[in-house]
Structure formats: structure tokens, C-alpha cells
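Quick note: numbers below take in every heavy atom, side chains included, and nothing from hydrogens, waters or symmetry partners.
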There are 4 protein chains.
Amino acid sequence: MDVQKSAHAPSPTAERSRPDVTRRSQRSRQAIYEAALALVAEVGYPKTTIEGIAARAGVGKQTIYRWWSSKADVLLEAFLDLSEQAARAAGEDTHAIPDTGDLAADLKAVLRATVDELRDPRYEAPYRALAAEGVVNEQLGRDFLTKLLEPSLQLYVDRLRAAQEAGHVRPEADPRIALELFVAPLAQRWLQRSGPLSHAYTDTLVDYALHGLAPR
Amino acid sequence: MDVQKSAHAPSPTAERSRPDVTRRSQRSRQAIYEAALALVAEVGYPKTTIEGIAARAGVGKQTIYRWWSSKADVLLEAFLDLSEQAARAAGEDTHAIPDTGDLAADLKAVLRATVDELRDPRYEAPYRALAAEGVVNEQLGRDFLTKLLEPSLQLYVDRLRAAQEAGHVRPEADPRIALELFVAPLAQRWLQRSGPLSHAYTDTLVDYALHGLAPR
Amino acid sequence: MDVQKSAHAPSPTAERSRPDVTRRSQRSRQAIYEAALALVAEVGYPKTTIEGIAARAGVGKQTIYRWWSSKADVLLEAFLDLSEQAARAAGEDTHAIPDTGDLAADLKAVLRATVDELRDPRYEAPYRALAAEGVVNEQLGRDFLTKLLEPSLQLYVDRLRAAQEAGHVRPEADPRIALELFVAPLAQRWLQRSGPLSHAYTDTLVDYALHGLAPR
Amino acid sequence: MDVQKSAHAPSPTAERSRPDVTRRSQRSRQAIYEAALALVAEVGYPKTTIEGIAARAGVGKQTIYRWWSSKADVLLEAFLDLSEQAARAAGEDTHAIPDTGDLAADLKAVLRATVDELRDPRYEAPYRALAAEGVVNEQLGRDFLTKLLEPSLQLYVDRLRAAQEAGHVRPEADPRIALELFVAPLAQRWLQRSGPLSHAYTDTLVDYALHGLAPR
DNA sequence: CCGTAAGCGAGACGGTACGTCACGTCTTCGG
DNA sequence: CCGAAGACGTGACGTACCGTCTCGCTTACGG
């Protein structure tokens with residue numbers, strides 16, 4: 001049966017006729033990523049427009065709308081792509097947290113690297129833009145969190161668990177919360193410009209978080 | 001006397017023809033505040049437009065452009081006005097942190113109240129919008145910080161210093177950094193939706209921050 | 001040959017990025033013409049706005065700005081289009097001046113027809129508007145003259161020259177000036193409402209012009 | 001004192017509370033006339049605004065709205081004032097048409113003077129503006145006609161009647177129409193820029209009009 | 001190996017909002 | 001109470017982008 005299928009079946013599996021991924025132009029995709037990052041860096045996120053990205057990438061607007069649903073979406077993918085490139089360029093486990101046995105030292109080292117990264121002008125503009133958009137746009141916020149932040153945070157969870165097993169952290173402490181004690185203040189300062197970022201600052205955070213504010 | 005004064009000295013101090021503040025319509029100003037807050041709550045910040053605010057407030061666009069420089073600026077003032085009203089309505093020392101002698105209890109009480117406030121739908125939308133805009137727009141970010149956040153943070157600084165004098169906090173700890181240990185994680189979770197907000201959560205933060213993660 | 005031409009030479013002759021005429025929507029164009037003429041007739045030229053035309057035509061403002069430079073420009077083209085349609089509808093030589101051998105009779109016939117046309121409410125409003133705008137706006141005035149008036153005036157020149165050859169008009173008379181003797185007074189009366197328009201009036205003009213005011 | 005004055009009786013006699021003419025500031029009036037004429041000459045009629053006139057005249061907007069009903073109205077009065085001044089400056093019967101007994105010569109002389117006047121840059125801009133506005137705005141058109149044009153035209157009527165009595169013009173000719181034969185073409189050429197203005201041109205008009213186009 | 005259907009660059013289209021300008025009204029002060 | 005000043009509600013301006021929609025034109029595949 002099904003003799004007369006006649007299938008111009010537009011969507012094999014998809015519910016909403018997604019374009020044919022195999023025919024996608026990688027050339028255009030890369031050009032769009034580059035244009036998006038460049039524009040955000042040059043004129044800021046709000047003045048970055050889809051038309052502007054298309055023009056700069058030498059691409060039709062439809063090519064953007066075909067593959068992404070919004071400006072924020074383009075930028076998120078562009079940023080992820082940038083991160084991957086950077087990661088690949090810098091060798092494998094760039095962001096894995098070392099385990100020298102000295103938890104405080106390991107955390108300080110990683111946070112110092114983070115501070116340096118946050119100051120890299122290539123990252124600053126798009127990162128801020130994504131963070132801001134995520135605050136207001138729930139869908140993007142979730143994507144930003146799961147695709148970009150969670151993987152890094154998981155590394156802290158792993159390291160803290162190892163420290164617990166080694167008896168360097170209170171066994172009943174929840175690592176998912178514990179890591180916020182030094183990560184959140186850093187993020188906050190950077191996002192809100194509420195104070196200077198420095199290695200000394202993150203070192204202090206680690207000390208306070210590990211040993212508490214109350215006198216021993 | 002002074003018959004031939006003729007002095008129509010227009011600007012006593014002004015640098016560039018600012019409108020005459022004494023003639024400002026308080027009626028319009030209030031209507032604009034209300035419209036702005038309502039729209040942000042109803043349709044979200046990005047879909048809130050100056051034209052929309054003007055229409056809803058029954059006001060000309062120019063009346064907005066005359067007194068504010070941007071949508072964010074309007075919203076910031078509207079929010080400040082809302083806060084002031086709320087403060088006046090709730091009696092004097094609403095936000096002062098109590099000092100019962102038990103620092104942990106006092107902090108937990110305040111943070112629980114903060115959690116409740118962050119969940120108030122009247123505050124959520126505009127607060128998020130302002131926080132997001134401040135991330136990307138440096139000028140607004142600074143205003144947001146100094147006018148809205150700093151006064152609250154200062155209360156923590158004061159309470160922490162009192163605790164230091166009472167010997168409940170290590171004397172060498174910097175209160176400005178110390179407060180970030182419990183304030184920043186809460187802010188972060190709320191802004192990034194990276195976890196549930198609850199009284200239990202903030203209680204935990206206070207415990208971790210005061211006593212540290214390392215075993216005693 | 002020419003394998004690597006790569007020449008995407010964008011503008012062969014163009015001076016400054018004119019829109020692509022081949023992609024122009026004829027549907028919109030006609031709708032704009034109709035809306036413009038209707039609005040001028042209904043509310044008058046000064047109260048006719050580009051926004052109004054766009055709204056009535058169901059068209060974006062930009063579609064007007066893309067193809068025309070001003071309200072007057074739209075109206076001029078709309079009026080030209082209207083004239084062409086009317087001409088096509090009325091057969092070929094509508095406006096050609098007949099040559100029965102009796103110059104006075106021929107001129108009177110044509111001027112009577114002109115009087116009737118000037119009273120047609122479809123023509124009155126846009127025609128007045130264009131004439132008025134042309135007085136003040138030199139560029140439009142020239143367009144109005146060359147595209148709309150000159151062709152008609154040329155018909156008078158032709159007829160007068162034929163009359164000269166037939167010995168019915170003084171051979172040294174300049175037809176370009178001569179025609180003004182009966183055309184200009186009619187135009188003037190109509191534009192300035194300085195007197196009633198009637199067939200008797202134009203007949204009189206022709207008589208005066210052909211035979212002069214001085215007694216014979 | 002005067003605590004219970006309360007009398008803000010708005011309109012003592014008038015049907016529509018016209019302001020008290022006796023208190024009118026002549027200083028402001030003159031300043032407004034000058035500003036209006038200057039602006040029309042400098043930036044053109046459409047870009048001349050009431051606000052601009054008020055600012056340039058050092059006058060409140062209300063002072064203009066109190067005494068005039070529209071921009072066109074201001075300009076008409078300003079122009080009338082200018083004409084009167086010019087007339088007063090140039091002695092009495094400037095514009096009276098001479099009667100030397102030679103009608104053609106007299107008309108040529110007057111029309112030559114008119115051509116010269118039409119070229120005076122002080123007159124050109126406001127005159128054009130008023131003529132154009134009058135075409136489209138019936139009320140102003142009538143005022144323009146009766147206050148500015150009719151008095152001049154009447155002079156031609158008078159001169160033509162005198163010529164009729166002297167037997168130099170056909171007795172059955174209607175002077176009101178006859179004058180249009182040379183006045184309208186000149187006006188038309190000037191308004192529509194449909195040809196050069198020169199003394200030779202107006203001379204020709206007079207010859208054609210007086211002696212006709214048909215061969216004698 | 002050739003037709004056909006996709007992705008593509010381009011950009012016109014119906015719209016919405018922008019930020020500015022001028023309108024005509026209204027209110028405040030000073031003379 | 002006139003007049004200078006100018007804030008106000010209104011509405012049009014001309015521009016910038018939005019997201020959708022054709023247009024040819026490559027370009028890869030499947031009969």
C-alpha cells in the first residue's frame with residue numbers, strides 16, 4: 001500500500017520543515033560568526049543588527065533567519081564557536097581544574113586565569129551581551145547557562161568533591177552551593193563593575209570562602 | 001526701582017538649555033513612571049517602547065525625551081520612585097539590618113526578606129531589566145549601582161563592622177568583600193536562574209560564609 | 001576565457017544605489033497613486049501626508065520614500081498616471097486641436113473643453129495642488145511644466161503655425177507668445193478665482209486675442 | 001488686598017473674545033513682519049515656521065497666535081505692510097497708470113516697471129509664497145486678491161476706460177477681461193517660469209493684445 | 001549527465017519604533 | 001492684562017530594522 005505516496009514530504013522527521021543541514025554553507029556560517037562578534041565588539045550589542053551582520057558577512061538576511069531565530073541566538077553560537085576554537089588552539093584540558101592536593105592554591109590559580117580571560121577584549125563585549133540578554137530573555141538565559149556556564153561550573157563541583165574525599169572540605173557541604181561563594185562574587189563584580197578585578201581579590205575570596213569569616 | 005532692568009538672563013548656571021524644572025508637570029511624571037513599570041511588567045523590557053509609555057501615560061513623546069535620555073533612564077527613575085514610595089509606606093528603617101547580637105540570625109532574616117522581595121512580581125520585571133541594561137550600558141550600570149544597590153550594600157558593611165567590633169567576625173576581614181560571599185550568590189541565582197531561591201538556600205549561604213568550607 | 005572574472009560589478013551606470021526597478025511592485029504603485037489622489041481630493045493637499053497615503057494604500061512608508069522624493073513628487077506622478085489613463089480611455093487624439101479651417105471656432109471648442117475639465121472635481125484638487133507647489137518649488141515647477149503643460153501648449157503652437165500658413169494669423173506673430181493671450185487668462189482666473197469660468201468668457205478671450213482691442 | 005477679585009470675565013462684548021487692539025504692541029508687530037519676510041526670503045516659505053518667526057522677532061508664540069490665524073495670514077499682512085511702506089517711500093501715485101494719450105506706450109511703461117519689480121529679490125519670495133498659498137487656500141486667495149491685486153487691476157480698468165472714451169479701444173470691449181490679455185501672460189510666465197521675462201516680451205504682449213493676431 | 005530542487009546573495013515589501021520638529025494651547029511671571 | 005517664555009499633548013517627519021517574501025544564480029543529487 002501507500003502506492004501513491006507522491007511524497008513531496010517536506011519534513012522527513014521535523015515538525016516544522018527545518019532546512020537541509022547537509023547543504024548548509026560553512027563559508028557563510030563562519031562569515032556570520034565573525035561579523036557578529038566583530039560588530040558586537042565594535043558598536044555594542046544593541047546597535048548590532050541582523051542586517052548589519054548580513055551585510056558585513058556578505059550574506060543574505062534570509063541565510064541568517066533560516067538558521068537562527070534571533071540576534072541573541074546568532075551571538076550565542078558565535079561565542080560558543082569562538083570558545084571551541086580557543087579551546088582547540090590551547091590544547092585539551094585547558095579549563096580542567098588542577099588537583100595538586102592544595103585546594104586553595106588550585107582554586108586561586110583557576111580564578112586568576114578567569115580574571116585574565118574576563119579582561120580579554122575579544123571576550124568582553126559578546127560575553128556581557130549574552131549575560132545581559134540572558135537576564136531578560138529566559139530561553140536564551142537557559143541556553144547560555146547550560147551550554148556555556150554549566151560545563152565550567154561542573155569542573156568546580158568535581159574538584160570540590162575530590163577535596164571532600166581528601167578531607168579538605170567539610171563533608172556535609174554542598175559543592176554546587178559552595179562554589180558560588182567564590183564564583184558569584186567574581187561574576188558580580190565584573191558584570192556590575194562594582195569593584196576592581198584583581199588576582200588579590202580572587203585570592204581573598206578563596207580564603208574567605210574556605211575558612212569563613214567568623215574567628216576560629 | 002529697577003525700571004530698566006531688562007535683564008532676561010536666561011541661564012544662571014546651566015550649560016546647555018535644560019528645560020525649566022520648575023514648570024515640570026508632576027502629573028505627567030507620575031503617569032510616565034506608572035506606565036513604564038506597568039509595561040515592563042506586562043510585555044517585558046524589550047517590547048516596552050517610548051511610544052508605548054507615552055501613549056499609556058497620555059503624554060507626548062517629547063515630554064519623555066525632554067526629561068530623560070533613554071528608555072533605561074526612565075525605568076531607573078521609575079523604579080527609584082517606586083522604591084521610595086514603598087519605603088515611605090513601610091515606615092522608616094525598613095532596610096536597616098537588625099542587630100540582635102546574633103550575626104548569623106540577623107543576616108538570615110534580611111536575606112529571607114530579600115528573597116521574598118525578589119519574587120514580588122511588581123519588582124521582578126523592572127529590576128531584571130535594569131540589571132540587564134546595566135551590564136551592557138556602562139552609564140546606566142553605574143547609576144543603577146550607586147543609586148539603588150550601594151545604599152543597601154552599605155547596610156551590610158555597617159552590620160559587619162559592628163560584628164567585628166563585637167568579636168564575631170575576624171578583625172582583618174574586609175566587610176566590602178565579605179558581604180559579597182552571601183549577596184553575590186543570591187543575586188547570581190536570581191539573575192541567571194541557575195538554581196532555586198529559598199530561605200533554606202540563603203540560610204546555607206550565611207552558614208558557609210561565616211564558618212567557611214574547610215573543616216574546623 | 002574569463003574564467004576568474006569574479007566581477008560582481010554592482011552598478012553599471014548608476015550614480016548612487018537606486019533601487020532595482022525590475023523588482024518594483026506595480027500593485028503598490030497603483031495603490032499609492034489612488035490613495036494620493038483620493039486624499040488630496042478629500043482633505044486637501046496640505047493635510048495630505050505621506051503617512052496617510054501609505055496607510056490608505058496599505059503600504060509601508062519606506063515604499064514611498066524608496067521611489068519618490070516628496071509628497072509633491074508622488075502627486076505629480078499620480079496625476080500624470082491619471083492623465084494617461086484618461087487619455088487611453090478616451091481614444092487617441094483627445095487633446096489634438098482640430099483644424100476645420102476656422103481658427104477661432106477651433107480654439108473656442110478646445111477652450112470650452114478645457115473649462116469643463118478644470119471643473120471636474122477629480123482633477124481640480126490635485127491640479128491646484130501641483131500648480132501651487134510648482135510656484136514655490138522650482139524643481140517641481142519645471143517637472144510640472146515639461147511633463148504636463150508643455151505637451152498641451154505645443155498643440156496650440158502647431159495649430160497657430162498651421163493658421164499662419166493658411167494666412168489666418170499674422171506671419172510675424174510668435175505662436176509661443178500668441179497662445180498665452182487666451183491660455184494665460186483662463187489659467188489665471190481658475191488659479192486665483194479672480195472671475196467666473198464660462199464658455200462665454202473663453203469665447204470672448206479668443207475674439208479679443210485674434211482681432212485685438214484697438215478699433216479696426 | 002483685592003482678595004476676592006474673582007472677576008475674570010473673559011469676553012466683554014465680542015462674540016469670540018478678540019484681544020484688546022488698543023493695547024497691542026506695535027514694537028512686536030513690526031518685529032514679526034520683519035522676521036516673517038526675512039525668513040521667507042532666506043529659507044523659503046515651507047521652512048518658515050511660526051516658532052521661527054517668534055524666536056527671530058524675540059516674541060512669544062502666543063503674541064502671533066493672538067493676532068493672526070495662520071502663517072499665511074502673517075505673511076500677507078507683512079507683505080501688505082511692506083508694500084505700503086514702499087509706496088509711502090516712493091511718493092503718492094506710484095502705481096497709477098500714466099495717460100499720455102498713447103495707450104500702447106503707457107501700458108508698456110507700466111508693464112516694464114512691473115517686470116522690474118517682480119525681479120526684486122525682496123518681493124519675489126513672499127509674493128510667490130502668497131500666490132501659491134492662495135491657489136490652494138481659498139480664504140487666503142480671496143484676501144490676496146482683494147487686498148493686493150484688485151487695487152492694481154482697477155488702475156488698468158480705469159486707463160482702458162479712458163482709452164475707450166478717447167476712441168483708442170473698441171467700445172464694446174470689457175476692460176476687466178481686456179486687461180487680462182497682457183497681465184495674465186506676464187503673471188503666468190513669472191509664476192510658472194515658463195519663459196523669460198523681459199521688456200521686449202511685455203512690449204510684444206501689448207502689441208498683440210491691442211492689435212490682435214489676425215492679419216488686418 | 002542532466003534536470004530539479006535546495007541554499008544562497010540580494011533586496012523590495014508591509015510594518016513598528018525611533019528621535020526630532022512644529023503645531024496650537026495653556027500656564028507662569030514680570031512689567 | 002499684554003507679552004516673553006516655554007512646557008504640554010498631538011501628530012507628521014524621514015530613517016533604521018524588523019521578519020517575510022520573491023527573484024535569479026549556483027551547486028549537488030538522484031533518476
Value in whole Å for how far the P atom of E:dA22 lies from NZ of D:K71: 10 Å
Scan A:R24 against the nucleic acid and name what it touches under 4.0 Å (heavy atoms): base, sugar-phosphate only, or nothing. sugar-phosphate
Can you tell which of F:dG19, F:dC13, E:dC13 lies closest to the side chain of C:T49? F:dC13
Would you say A:Q30 and A:D81 make side-chain contact, with heavy atoms under 4.5 Å? yes
In whole angstroms, how far is the P atom of F:dG9 from the CD atom of B:E51? 15 Å
Within this structure, what is the CZ-to-C1' distance between A:R23 and F:dC29, rounded to whole angstrom? 6 Å
Take atom CG of B:D20 and atom C1' of F:dA4, then tell me their distance rounded to the nearest Å. 13 Å
Categorize C:G52 for me: base, sugar-phosphate, or nothing, with a 4.0 angstrom heavy-atom threshold over every strand shown. nothing
Checking D:R128 side chain against C:V135 main chain: does a donor-acceptor pair fall under 3.5 Å? yes
Please report, rounded to the nearest Å, how far the P atom of F:dA7 is from the CD1 atom of B:I32. 14 Å
Counting distance alone, no hydrogens or angles: does the base of E:dG19 have a donor or acceptor under 3.5 Å from a partner atom on the side chain of B:K61? yes
Take atom CZ of A:R66 and atom C1' of F:dC18, then tell me their distance rounded to the nearest Å. 17 Å
C:Y65 atom OH is separated from E:dG14 atom P, nearest whole Å, by 15 Å
From CD of B:Q62 over to P of E:dT25, roughly how many Å is that when rounded to an integer? 19 Å
